[in-house]
Number of protein chains: 2
Amino acid sequence: MRIGELATRTGVSVRSLRYYEEQGLLSSTRAASGQRHYTDHEVERVAFIQRLYAAGLSSRTIAEVLPCAESPSEENSDAALERMTQERDRLSAHIDDLVRTRDALDGLVAANRAHRATLVAASGQ
Amino acid sequence: MRIGELATRTGVSVRSLRYYEEQGLLSSTRAASGQRHYTDHEVERVAFIQRLYAAGLSSRTIAEVLPCAESPSEENSDAALERMTQERDRLSAHIDDLVRTRDALDGLVAANRAHRATLVAASGQ
DNA sequence: TTTGCCTCTGACATCCATGTGAGGTTTTAG
DNA sequence: CTAAAACCTCACATGGATGTCAGAGGCAAA
């Protein structure tokens, strides 16, 4: 498929797909005319890239980790594996932090609802 | 305390503290000379602002939600409460997404370790 | 008082993923 | 064949939080 289709199928802009390639996150075969062609496989790959971006990895870090994801067979140096583990731990810590923040928000929402209920009761008197 | 102390106590740069004030997230009393003064209370407040930033809220959204956090008593319009609930849900969805990503990373790490083990066994032969 | 550190405002710089537009070629549909 | 739509590269713009610098004033210890 060409880049436009990949874009619609992944929900990622054409601009971003080109950027991913520029950053070494995504590869394409080129037609004689210069147009990029992709296989279905790339759809998954783009989805995973998006997940990693959402997890707060920079394109640089993603580039470091992705080869490891594609083929566990290659010479994915210890460094890549270690980097992946490290990012995994960072992500885990971040998740914990977010959960605490969510709890805090829940507390605030509850407090406000409670206060609201009080007001209603008072006005009902 | 003055801004420098608040900065060291919260781990947030002086620049950012001024920025928070500019965005209406933080207030200070000013000395006659113009210098900002804060109470211990602001330490907590800055910490909470940081949590919200980390949770992906923009300063605009934080400004919308914070008054609600300070006093559940005020006229924290329905809008603010609704906004808070909405951000809470967004955050929750984001957490779920991150957890899935973490699981994916765990899978990759495991696969690579397994492959490595295979290599070691083979070389051991 | 002088010295050194802190603070003030204002403005410009940075990072990074993405948007946008120009100017040109390729593909596809009518 | 032609027009529309998709694609190419290059390059500049954007946004948001923060860094950084300049020039000026504030404050405390020696």
Side-chain angles (χ1 to χ4, degrees), chain A residues 1-39 42-43 45-66 87 90-91 94 97-98 101, chain B residues 1-39 42-43 45-66 87 90-91 94 97-98 101:
Chain A
M1 83 194 79
R2 289 187 297 166
I3 200 170
E5 189 179 340
L6 183 59
T8 58
R9 281 174 63 174
T10 58
V12 173
S13 73
V14 167
R15 174 67 173 90
S16 294
L17 293 177
R18 295 203 190 102
Y19 177 73
Y20 296 167
E21 181 170 325
E22 187 186 321
Q23 301 300 307
L25 310 184
L26 190 61
S27 58
S28 60
T29 60
R30 297 296 189 109
S33 65
Q35 298 202 340
R36 294 168 176 86
H37 286 270
Y38 304 91
T39 67
E42 261 66 56
V43 176
R45 186 169 175 112
V46 171
F48 190 53
I49 292 173
Q50 288 277 291
R51 298 192 87 71
L52 295 182
Y53 269 124
L57 308 223
S58 68
S59 56
R60 182 168 190 72
T61 306
I62 296 177
E64 213 168 330
V65 157
L66 262 187
E87 287 303 323
R90 193 193 53 71
L91 176 55
H94 186 51
D97 188 48
L98 293 187
T101 303
Chain B
M1 83 195 78
R2 288 186 298 167
I3 200 169
E5 189 179 339
L6 183 58
T8 58
R9 281 173 65 172
T10 59
V12 173
S13 74
V14 167
R15 175 67 174 87
S16 294
L17 293 177
R18 294 202 189 103
Y19 178 73
Y20 297 167
E21 181 170 324
E22 188 185 320
Q23 301 301 306
L25 310 184
L26 190 61
S27 58
S28 61
T29 60
R30 297 296 190 109
S33 64
Q35 299 201 337
R36 294 167 176 85
H37 286 270
Y38 303 92
T39 66
E42 262 65 56
V43 176
R45 185 167 177 116
V46 170
F48 190 53
I49 292 173
Q50 288 277 291
R51 298 192 86 72
L52 295 182
Y53 269 122
L57 309 221
S58 67
S59 57
R60 185 169 188 69
T61 306
I62 296 177
E64 213 168 329
V65 157
L66 262 187
E87 287 303 322
R90 193 193 53 71
L91 177 55
H94 185 52
D97 188 48
L98 293 188
T101 303

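Throughout, protein chains are lettered first and strands after them, A, B, ... in sequence-line order, and every chain is numbered starting at 1.
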Measure [atom1]/[X] against [atom2]/[N] and give the value in whole Å, please.
{"X": "Arg18(A)", "N": "dC12(D)", "atom1": "CZ", "atom2": "P", "answer": "18 Å"}
{"X": "Glu22(B)", "N": "dA17(D)", "atom1": "CD", "atom2": "C1'", "answer": "11 Å"}
{"X": "Glu5(A)", "N": "dA6(D)", "atom1": "CD", "atom2": "C1'", "answer": "12 Å"}
{"X": "Tyr38(B)", "N": "dC6(C)", "atom1": "OH", "atom2": "P", "answer": "16 Å"}
{"X": "Ile49(B)", "N": "dT18(D)", "atom1": "CD1", "atom2": "C1'", "answer": "15 Å"}
{"X": "Arg30(B)", "N": "dC8(C)", "atom1": "CZ", "atom2": "C1'", "answer": "8 Å"}
{"X": "Glu21(B)", "N": "dT18(D)", "atom1": "CD", "atom2": "C1'", "answer": "17 Å"}
{"X": "Leu26(B)", "N": "dA17(D)", "atom1": "CG", "atom2": "C1'", "answer": "15 Å"}

Does any donor atom in the side chain of Ser28(B) or Glu21(B) lie under 3.5 Å from an acceptor atom in the other side chain?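 A donor-acceptor contact under 3.5 Å links the two side chains.
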
What distance do [X] atom [atom1] and [Y] atom [atom2] have between them, rounded to the nearest 0.5 Å?
{"X": "Leu26(A)", "Y": "Ile62(A)", "atom1": "CG", "atom2": "CD1", "answer": "11.5 Å"}
{"X": "Thr8(B)", "Y": "Ile3(B)", "atom1": "OG1", "atom2": "CD1", "answer": "11.0 Å"}
{"X": "Glu87(B)", "Y": "Glu64(B)", "atom1": "CD", "atom2": "CD", "answer": "8.0 Å"}

Of the nucleotides dC8(C), dG19(D), dA17(C), which has the atom closest to the Ser59(A) side chain?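 Closest of the options to the side chain of Ser59(A): dA17(C).
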
Closest nucleotide among dT18(C), dC27(D), dT18(D) to the Ser33(B) side chain: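 Closest nucleotide to the Ser33(B) side chain: dC27(D).
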
Please work out the stems of DNA chain C from pairs that are Watson-Crick or G-U wobble with both distances under 3.5 Å, keeping only runs of three or more consecutive pairs.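 Only these stems qualify: C:1-30 with D:1-30.
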
Quick one: on DNA chain C, does Gln35(B) or Tyr53(A) contact a more 5' nucleotide (nearest heavy atom)?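 In this pair, the answer is Gln35(B).
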
Between Tyr19(A) and Arg2(B), who's closer to the 5' end of DNA chain C by nearest nucleotide?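 Whichever sits nearer the 5' end wins; that is Arg2(B).
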
Residue mapping more 5' on DNA chain D - nearest nucleotide basis, Arg36(A) or Arg15(A):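 Residue closer to the 5' terminus by nearest nucleotide: Arg36(A).
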
Tell me which of Gly34(A) and Gln50(B) sits closer to the 5' end of DNA chain D, going by the nucleotide each one is nearest to.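 First, find each residue's nearest nucleotide; the 5'-ward one identifies Gly34(A).
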
